[in-house]
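Following: one structure in structure tokens, then a few remarks.
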There are 2 protein chains.
Amino acid sequence: MHEDCVDSHPAPGGMAIVRPGLRCGGHPERRESMTTRIQKANRKRILDAALDVFSAHGFRGATLDQIAEAAGLSKPNLLYYFDNKEAIHRALLTRLLDTWLDPLRMLDPNGDPETEILAYMRRKLHLSRDFPRESRLFANEILQGAPRIEDFIRGDLRGLVDEKAQVLSNWAQSGRIAPVDPYHLIFSIWALTQHYADFAAQIAMIRGDATDPLDGADAFLAQLYRRLLTP
Amino acid sequence: MHEDCVDSHPAPGGMAIVRPGLRCGGHPERRESMTTRIQKANRKRILDAALDVFSAHGFRGATLDQIAEAAGLSKPNLLYYFDNKEAIHRALLTRLLDTWLDPLRMLDPNGDPETEILAYMRRKLHLSRDFPRESRLFANEILQGAPRIEDFIRGDLRGLVDEKAQVLSNWAQSGRIAPVDPYHLIFSIWALTQHYADFAAQIAMIRGDATDPLDGADAFLAQLYRRLLTP
DNA sequence: GTCTATAACAAGATAGAC
DNA sequence: GTCTATCTTGTTATAGAC
């Protein structure tokens with residue numbers, strides 16, 4: 001995440017005229033079509049607002065009005081920064097997919113099997129805790145048949161899953177974990193962890209809106225996978 | 001499901017004029033505002049088409065044009081049978097929620113704990129296999145914050161979950177199953193079974209579109225819950 | 001860069017003939 | 001009951017002033 005020179009919580013509305021050449025880091029005139037800090041900040045504001053709206057209503061359900069309202073900008077101003085609605089959505093997905101594979105990628109074939117699998121589960125669980133909107137954006141996309149991320153799934157994701165499934169399979173065959181179907185094992189981790197983000201509304205309504213939906217989840221899932229994997 | 005006198009696959013378009021009084025079963029003139037067999041069949045066609053479209057695109061993403069196209073009827077004709085778009089969606093949700101609780105309701109406090117829990121898991125898994133569209137309709141609704149089914153969740157669903165969680169808790173405390181958090185146990189069954197319907201697109205793209213996403217799921221989940229629950 | 005105003009179009013819903 | 005045609009509104013996107 002390389003985001004220097006950008007406030008994380010900029011004041012709303014258009015403010016602070018920035019003269020070109022007066023930028024943060026030591027490169028006064030890097031190139032012709034440069035990006036000012038305001039532009040960066042506004043793009044960020046827009047994407048954050050858009051994440052709120054798209055994750056809650058899906059692509060079609062979201063409107064530019066809602067996003068503009070949430071970003072504190074006018075609708076035409078949104079379209080100054082992004083070509084169209086689709087482009088905003090695509091930017092969000094791209095940013096998401098860029099890091100979506102990391103937790104699984106980190107699963108180390110040379111580590112201790114149970115430790116590695118539990119750590120992977122925890123990384124996914126923390127993703128649900130820290131980035132629930134991203135999880136729901138992804139879920140919306142899959143629910144609708146994954147029209148915009150089909151290439152990613154059939155390509156990078158499938159490749160990585162196949163690779164790690166082989167690792168799990170080896171661990172099972174060598175008796176270091178109990179014999180389990182590696183694909184279902186991976187799917188189960190996705191299902192169990194993402195559920196806490198995607199179905200958070202339901203969980204909150206059942207457990208009471210006060211309690212944190214993720215309370216006790218880590219302990220429960222750790223117990224579950226220890227018992228499942230012990231040879 | 002009481003659906004007599006209705007073809008399951010009626011020919012498309014408006015056909016077959018039915019004179020009132022010429023209905024199937026022996027009640028020639030039951031009441032004034034009666035429902036003809038065509039009406040019944042068309043309502044069914046509409047709801048089936050709507051289920052396709054709503055489950056794939058969400059409420060806002062679905063259009064009456066798509067539903068009309070899928071049902072083989074004209075858009076105004078749709079609105080002859082249902083007051084508006086909302087009414088179609090509400091009819092689907094009502095029909096769904098009516099049976100959504102059944103699998104959990106059947107969990108018998110007097111049965112064998114492990115057998116009962118595994119049977120519940122299987123009933124949910126079969127729901128994902130036989131009614132994946134309904135599962136996705138529900139998932140769409142929850143993802144968007146459950147605006148239309150909040151009362152159901154806070155009422156009937158929560159009540160039933162609390163009741164059955166108590167049963168599970170008793171089983172755990174009496175040592176008949178391993179000590180587990182009953183709520184997380186229930187959530188885990190929802191997550192693991194519904195995942196095969198809600199994320200079917202992703203699973204198909206990873207495992208290859210040929211193989212059935214549910215292949216091996218039953219065995220894997222049975223193994224998982226046996227190991228988790230054994231005292 | 002940001003806004004107001006508005007064009008262009010999609011989508012829900014209705015009117016009225018048949 | 002079903003259709004074609006149409007009204008109305010909401011939504012994306014653009015024009016053009018500042």
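Order of the sequence lines fixes the chain letters, A, B, ..., with proteins taken first and strands second; residue numbering starts at 1 for each chain.
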In whole Å, I'd like the distance from the [atom1] atom of [X] to the [atom2] atom of [N].
X: B:Leu79; N: D:dG1; atom1: CG; atom2: P; value: 16 Å
X: A:Lys75; N: C:dA5; atom1: NZ; atom2: P; value: 13 Å
X: A:Leu73; N: D:dA13; atom1: CG; atom2: C1'; value: 16 Å
X: B:Gln66; N: C:dA11; atom1: CD; atom2: P; value: 8 Å
X: A:Asn77; N: D:dA13; atom1: CG; atom2: P; value: 15 Å
X: A:Leu78; N: D:dT14; atom1: CG; atom2: C1'; value: 14 Å
X: B:Arg43; N: D:dT2; atom1: CZ; atom2: P; value: 12 Å
X: B:Tyr80; N: D:dT4; atom1: OH; atom2: C1'; value: 18 Å

ask   = In chain order, what residues pass the side chain to side chain donor-acceptor pair (under 3.5 Å) check against A:Trp100, with sequence neighbours excluded?
value =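 Partners of A:Trp100 under the side chain to side chain donor-acceptor pair (under 3.5 Å) test: none.
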
ask   = Partners of B:Arg105 by side chain to side chain donor-acceptor pair (under 3.5 Å), sequence neighbours excluded?
value =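 Expected list: B:Asp102.
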
inquiry  = Does D:dC3 have its OP1 or OP2 closer than 4.0 Å to a side-chain nitrogen or oxygen of B:Ser74?
reply    =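 It does, given that an N or O in the side chain of B:Ser74 lies less than 4.0 Å from OP1 or OP2 of D:dC3.
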
message = Please confirm whether the shortest side-chain N or O distance from A:Thr36 to OP1 or OP2 of C:dG1 is below 4.0 Å.
response =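 Checking A:Thr36 against C:dG1: at least one side-chain N or O falls below 4.0 Å of OP1 or OP2.
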
Report the residues that fulfil salt bridge (Lys or Arg N to Asp or Glu O under 4.0 Å) with [X], sequence neighbours left out, ordered by chain and then residue number.
X: B:Asp151; result: none
X: B:Lys75; result: B:Asp65
X: B:Asp156; result: none
X: A:Arg154; result: A:Glu150, B:Asp209

ask   = Among residues 48-64 of chain B, which contact DNA chain D at a heavy-atom distance under 4.0 Å?
value =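 Correct list: B:Arg60.
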
task = Could you list by number each residue of residues 81-89 of chain A showing a heavy-atom separation from DNA chain C of less than 4.0 Å, or answer none if no residue does?
result =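 Heavy-atom contacts with DNA chain C come from A:Tyr81.
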
task = Could you verify whether a donor N or O on one side chain and an acceptor N or O on the other, from B:Ser135 and B:Tyr196, lie under 3.5 Å apart?
result =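 No donor-acceptor contact under 3.5 Å links the two side chains.
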
message = Over 60° means perpendicular and under 30° means parallel, so tell me whether B:His195 and B:Phe199 are parallel, tilted or perpendicular.
response =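 Because their plane-to-plane angle is under 30°, the rings of B:His195 and B:Phe199 count as parallel.
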
query = For residues 46-56 of chain B, which residue pairs qualify under side chain to side chain donor-acceptor pair (under 3.5 Å), counting only residues two or more places apart or in two chains?
reply =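 Counting only pairs at least two positions apart or across chains, the side chain to side chain donor-acceptor pair (under 3.5 Å) contacts touching residues 46-56 of chain B are B:Asp48-B:Arg133, B:Asp52-B:Arg133.
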
